[in-house]
There are 2 protein chains.
Amino acid sequence: MNLERALERTLGRPREFDIEKALDEAMEIFWRHGYEGATIAQLTGAMGINPPSLYAAFGSKEGLLKAALDRYTAKRNECMREILAAPTAREVVERGLLKLADMQTDPANPPGCLLVAGGLACGVGSENIPFELAAHRAQSEALLRERFIRAREEGDLAEDSDPAALARYVSAVIAGIGVLASAGATREELREVAMVAVKAFDE
Amino acid sequence: MNLERALERTLGRPREFDIEKALDEAMEIFWRHGYEGATIAQLTGAMGINPPSLYAAFGSKEGLLKAALDRYTAKRNECMREILAAPTAREVVERGLLKLADMQTDPANPPGCLLVAGGLACGVGSENIPFELAAHRAQSEALLRERFIRAREEGDLAEDSDPAALARYVSAVIAGIGVLASAGATREELREVAMVAVKAFDE
DNA sequence: CCACTTATGTAGCAATCGCTACAGATGTAG
DNA sequence: CTACATCTGTAGCGATTGCTACATAAGTGG
């Protein structure tokens with residue numbers, strides 16, 4: 001029983017479903033119905049498996065959500081790193097928010113943002129779900145904050161500007177756009193919001 | 001059985017609990033746990049009544065939420081009308097967002113906003129709850145839009161400005177602040193967000 | 001071949017969900 | 001008083017919840 005074989009998970013009956021495809025399906029259910037609104041029956045149905053397979057792979061409903069959130073923010077952060085490469089803070093925000101408006105109204109996904117629609121307030125026994133979502137949202141904010149710190153060092157942002165406050169502001173606009181999108185706002189409406197929001201970086 | 005007496009609800013055993021006090025308690029439960037996270041047992045416990053009294057007065061869990069939302073937005077709109085009296089659009093937004101930062105971190109209430117934390121995505125059978133919340137959020141946006149239209153007529157806002165887009169932007173910032181607040185942001189952090197957000201009205 | 005380990009499907013667990021039947025209590029109308 | 005209408009508390013309904021016991025299948029190691 002050496003390390004090599006343990007990592008290959010070669011023992012026992014092999015798993016018959018693609019764990020990442022199943023995660024994508026689960027993500028969509030949580031996205032559309034929220035953590036508490038999503039039932040195990042819905043999740044297993046969409047994932048094409050039975051409850052024991054779900055619990056063997058993810059431990060619990062909450063474990064499944066965490067895995068889905070990790071996958072969601074991995075994709076999201078990858079997309080953000082491209083945008084953070086823009087030359088100025090203003091351009092980062094403009095490109096980012098416009099891209100966000102497009103993504104949140106992509107008919108391939110449920111409208112809005114999983115990190116917002118997933119559940120801002122939950123029942124007893126699920127108290128840490130909102131914190132879990134917040135921790136994942138904080139990743140984007142941290143990336144923005146570091147980018148704005150760099151922008152200030154480069155003279156792109158004023159000396160007296162507050163990168164943390166600016167990042168928190170963009171984070172709030174991102175969340176707000178997610179709320180509007182989940183309520184059915186159109187792509188054009190969200191793009192208009194983005195163009196107003198970016199004006200806070202003009203003056 | 002004339003109209004007068006019918007309105008006084010003078011027939012039958014009189015209700016023994018204060019319906020508005022009970023609504024305030026229910027509001028707090030929905031606020032803290034969301035629609036789906038709030039259970040009838042919690043609600044009746046907080047309201048100090050038993051299930052039959054709840055269902056006689058409000059019809060269903062959803063009916064109770066609607067009544068709580070009406071009460072919530074009534075208070076909110078009353079507060080907004082004061083703020084809309086400010087002389088300029090910029091001042092309306094600044095005062096409004098700063099006031100919001102204070103309210104959403106008031107320890108007397110759960111953090112955040114009922115219209116956001118109540119449930120952006122719900123399970124099957126509760127599909128209209130998110131729409132219900134959105135309809136109440138839209139009230140604030142409509143008030144802002146009309147105020148901004150007036151501001152443009154008065155020359156306060158530029159001729160080429162878009163009152164609808166501006167109102168939608170402020171609505172997004174309001175929702176975003178609600179998300180940050182529900183995740184535990186401090187009053188000072190939200191005030192900083194507000195001061196950045198209002199800069200979109202400066203240029 | 002035989003152990004051993006892990007995944008799968010069926011079937012169903014205890015607990016909780018939103019909600020209500022029922023009987024008794026408490027008021028007004030006559 | 002009686003008749004009627006509404007509210008209240010107890011007690012519990014059927015349905016659904018997240019989750020799991022169990023037997024079997026499917027792979028590797030020897």
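The chains referred to below are lettered A, B, ... by the order of the sequence lines, with proteins before strands, and numbering in each begins at 1.
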Roughly how many Å is it from [atom1] in [X] to [atom2] in [N], rounded to a whole number?
X	N	atom1	atom2	answer
Leu65(B)	dG18(C)	CG	C1'	15 Å
Ile49(B)	dA25(C)	CD1	P	21 Å
Asn50(B)	dA21(C)	CG	P	16 Å
Arg15(A)	dT8(C)	CZ	P	7 Å
Gln42(B)	dT16(C)	CD	C1'	12 Å

Rounded distance [0.5 Å steps], CG in Leu65(B) versus CG in Leu23(B)
10.5 Å
Do any side-chain atoms of residues 50-57 of chain B form donor-acceptor pairs under 3.5 angstrom with protein atoms, and if so which ones, sequence neighbours left out?
none

Extract all donor-acceptor atom pairs below 3.5 Å that involve side chains of residues 76-85 of chain B and protein atoms in other chains or at least two apart in sequence.
unit_1: Arg76(B); atom_1: NE; unit_2: Ser140(B); atom_2: OG; d: 3.1
unit_1: Asn77(B); atom_1: ND2; unit_2: Thr73(B); atom_2: O; d: 3.4
unit_1: Asn77(B); atom_1: ND2; unit_2: Gln139(B); atom_2: OE1; d: 2.9

Do the side chains of [X] and [Y] get close enough for a salt bridge, i.e. N-O under 4.0 angstrom?
X	Y	result
Arg137(B)	Glu141(B)	no
Asp156(A)	Arg150(A)	no
Asp162(B)	Arg152(B)	no

Determine, for nucleotides 17-27 of chain D in 5'-to-3' order, which nucleotides have protein heavy atoms under 4.0 Å from the base (write B), from only the sugar-phosphate (write S), or from neither (write -).
SSBBB---BBB
Looking at dT8(C), I'd like to know if its phosphate oxygens (OP1 or OP2) sit under 4.0 Å from a side-chain N or O belonging to Ser53(A).
yes
